[in-house]
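Naming: A, B, ... by sequence-line order, numbering from 1 per chain. Owing to the predicted nature of the structure, the values given are computational and were not obtained by experimental measurement.
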Number of protein chains: 2
Amino acid sequence: MATIKDVAKIAGVSPSTVSRVVAGSSRISNRTKERVWRAMEEVHYVPNAIARSLARSHTRTVGFTLSRQADQAFSNPFFSEVLRGMSSAAQTRDYNILLSISMNQEEEGEKCLQLIRERRVDGLIVSTSRVKDSLIPILEREGTPFVIIGRSAEVPALSVNNDNQQASYQATRHLLDQGYRNVAFISGPEDLVVSMDRLQGYKQALLEQGFPFREERVVSADFSEEGGFRALYSLKERGVFFDAVLAADDLFALGTLRYAKHFHLSVPEELGVVGFNDTPLMTYTDPPLTSVRILSYELGREAMELLMDRLGHAGRQPMNKEVVLPSRLEVRQSSLRRTGSV
Amino acid sequence: MATIKDVAKIAGVSPSTVSRVVAGSSRISNRTKERVWRAMEEVHYVPNAIARSLARSHTRTVGFTLSRQADQAFSNPFFSEVLRGMSSAAQTRDYNILLSISMNQEEEGEKCLQLIRERRVDGLIVSTSRVKDSLIPILEREGTPFVIIGRSAEVPALSVNNDNQQASYQATRHLLDQGYRNVAFISGPEDLVVSMDRLQGYKQALLEQGFPFREERVVSADFSEEGGFRALYSLKERGVFFDAVLAADDLFALGTLRYAKHFHLSVPEELGVVGFNDTPLMTYTDPPLTSVRILSYELGREAMELLMDRLGHAGRQPMNKEVVLPSRLEVRQSSLRRTGSV
DNA sequence: CTGTTAGCGCATTCAA
DNA sequence: TTGAATGCGCTAACAG
């Protein structure tokens with residue numbers, strides 16, 4: 001591998017001059033610029049990113065950590081899309097992504113700190129947004145530039161989130177508009193901020209439309225089809241009636257569909273179903289599933305942009321921007337009740 | 001951030017001594033070891049990975065590149081699982097993963113070269129296995145340590161693959177055993193090695209069982225549900241009869257199911273269906289889909305192991321191991337014809 | 001067992 | 001506009 005010295009020798013200049021033309025310094029005569037370019041070509045010179053990182057004391061790489069357990073993670077392509085978005089944004093500004101997938105929150109936290117302390121990355125994108133997240137305060141204290149995908153329930157911080165409450169509100173209203181009067185809500189794990197927010201929207205819609213909010217119609221489960229099925233089953237056992245289900249994840253919706261089939265309930269006539277995430281494959285359920293479409297790709301892209309912006313302003317105060325991305329209800333058959341009026 | 005010098009000063013030793021105890025050198029007196037440990041604690045010393053990389057001239061990070069267009073990519077969790085496997089293996093040996101997702105093959109190639117030439121990574125894991133892949137020879141020529149997920153059709157190289165041909169063979173035999181006599185094959189894009197292999201297995205099974213291989217029963221399509229549907233539709237239009245479909249991807253199988261419904265063909269009675277990948281959500285199709293289960297997680301893990309092994313033996317000859325992982329046919333209802341015997 | 005010295009490849013300050 | 005010198009933080013060869 002050719003180094004800056006080799007180029008310097010060939011071009012007949014000093015290494016620092018080469019460094020300058022590589023950096024695009026303006027105070028270099030065109031003649032030597034030319035000579036250096038030529039020499040660089042000749043030896044196929046490519047700057048060593050590691051050496052550069054050491055000298056400049058930043059790496060131009062961003063860490064993205066993820067713990068799997070807690071998330072619906074890879075049953076739906078959410079994080080894949082987030083990654084795509086991140087990668088795409090990174091490309092445009094010549095940043096790199098260091099990825100780490102852990103088994104649990106704890107490992108993830110350790111990995112974050114390691115990446116930062118070893119100075120492997122300039123900043124982090126994290127996706128842990130539990131209600132009492134232990135990681136966020138630590139990162140804050142260490143002065144680490146980071147952005148959250150989701151949002152922090154406690155400390156203000158840079159974050160990119162989808163409007164869970166609003167989305168949930170819309171979805172619930174949609175069910176109400178379709179004439180369903182007893183909407184059950186299958187929530188994800190309760191300590192997730194996202195669960196809180198979605199519950200909130202559900203509640204708001206009910207109240208605002210003059211319907212009572214009943215605790216007993218809310219069940220929380222771990223993200224899985226089975227979890228969804230069981231949630232409803234437990235409702236039934238407890239004698240709680242419902243004619244529609246708002247599922248905080250498409251997997252729950254899938255479980256709901258199975259539940260309906262199991263008990264010979266016709267969807268959407270006897271049971272309306274709305275899911276969350278609009279997982280691509282879900283278009284092919286029977287009947288096609290109404291679901292809240294999340295802009296996962298954009299979530300990743302925005303998060304990366306935000307972080308890169310933040311990294312650009314090394315000296316200044318850390319900003320506390322919270323960007324919220326809209327989601328949209330994709331209405332399909334599972335929630336379209338053919339009411340009398342039609 | 002504390003450096004090795006700070007530690008040295010506090011411990012009253014030279015920087016190189018500190019470096020040695022960090023590296024776990026044996027030829028250090030326990031007494032100074034103790035002193036150094038203590039000093040490290042005191043200032044919360046963490047070695048700077050960048051400086052270390054520069055000095056040792058390797059980074060302990062592996063690049064993983066991916067171009068999306070060509071792959072079924074994120075409609076199924078294949079690559080997510082691969083990533084998990086890679087990450088898990090990397091953790092155990094303290095390696096890191098640099099991720100890059102490109103829009104197309106060309107960009108991916110450039111990114112690979114960039115990562116290597118900038119010396120950001122020690123090696124690469126690539127997932128492009130087209131029949132005439134332009135990237136592989138280049139990496140080979142540059143002397144880059146790399147492993148392929150899939151396999152190289154031309155040059156021998158380190159690779160981890162699933163036994164596509166065998167899997168396809170089994171799947172076809174299964175359909176034959178169930179009494180289907182006219183098995184159509186929906187293949188992925190023809191320039192993919194994986195397509196070749198799966199076609200081969202299909203062919204082999206037919207021939208071996210004494211059935212003719214008919215070109216006209218093979219259609220190739222881009223990975224999508226629609227592609228699958230259209231493929232069969234075109235078969236029908238051309239007057240090609242089939243009573244079973246081997247789909248080289250679950251998305252095709254999904255399209256097949258829609259096709260069956262559209263033309264009122266009962267599955268599995270009038271049309272047997274087998275897919276590839278065993279996408280989790282596919283368990284919930286109606287009827288549940290028989291599919292070839294791919295060990296994606298293990299694929300990623302093995303690839304990473306292989307590469308790390310390769311990187312360990314810097315001096316020696318590059319190995320040319322090709323590990324093949326077994327897959328298993330998950331038989332469900334979509335291919336279980338209730339034949340007379342039952 | 002430990003310290004000294006000399007890099008790793010590049011950026012940057014200070015002179016010229 | 002350019003070069004020389006110094007440092008980024010750590011490793012490793014060579015002495016002792």
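Within 4.0 Å (heavy atoms only), T32(A) reaches sugar-phosphate atoms of the nucleic acid but no base atom.
A donor-acceptor pair is defined here as one N or O able to donate and one able to accept, closer than 3.5 Å; such a pair exists between the side chain of R60(B) and the backbone of D94(B).
More than 12 heavy atoms of other residues, nucleotides or ligands sit less than 6.0 Å from atom CD of E154(B).
In this structure, CD of E118(A) is placed 13 Å from C1' of dG9(D), rounded to the nearest angstrom. Taking atom CE on M40(B) and atom C1' on dC10(D), their separation rounds to 13 Å, with Å as the unit. For the pair N30(B) CG and dC1(C) C1', the interatomic distance rounds to 11 Å; values are reported in whole Å.
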Would you mind building the protein contact string for nucleotides 8-14 of chain C? One character per nucleotide, 5' to 3', B for base within reach (heavy atoms under 4.0 Å), S for sugar-phosphate only, - for untouched. BBBBBB-
Mind running salt bridge (charged side-chain N to carboxylate O under 4.0 Å, His left out) on R93(B) and D309(B) for me, showing each step along the way? CA-CA 10 Å; R93(B) 295 209 224 165; D309(B) 285 348; 2.7 Å; yes
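Summarising the geometry of Y95(A) relative to M308(A), their closest heavy-atom pair is CD1-SD, 3.4 Å, with the distance given to 0.1 Å.
Taking the side chain as every heavy atom from C-beta outward, F64(B) and V126(B) never approach each other to under 4.5 Å.
Among pairs with a residue in residues 33-51 of chain B, none fulfils side-chain hydrogen bond (donor to acceptor under 3.5 Å, both in side chains), at least two apart in sequence or across chains.
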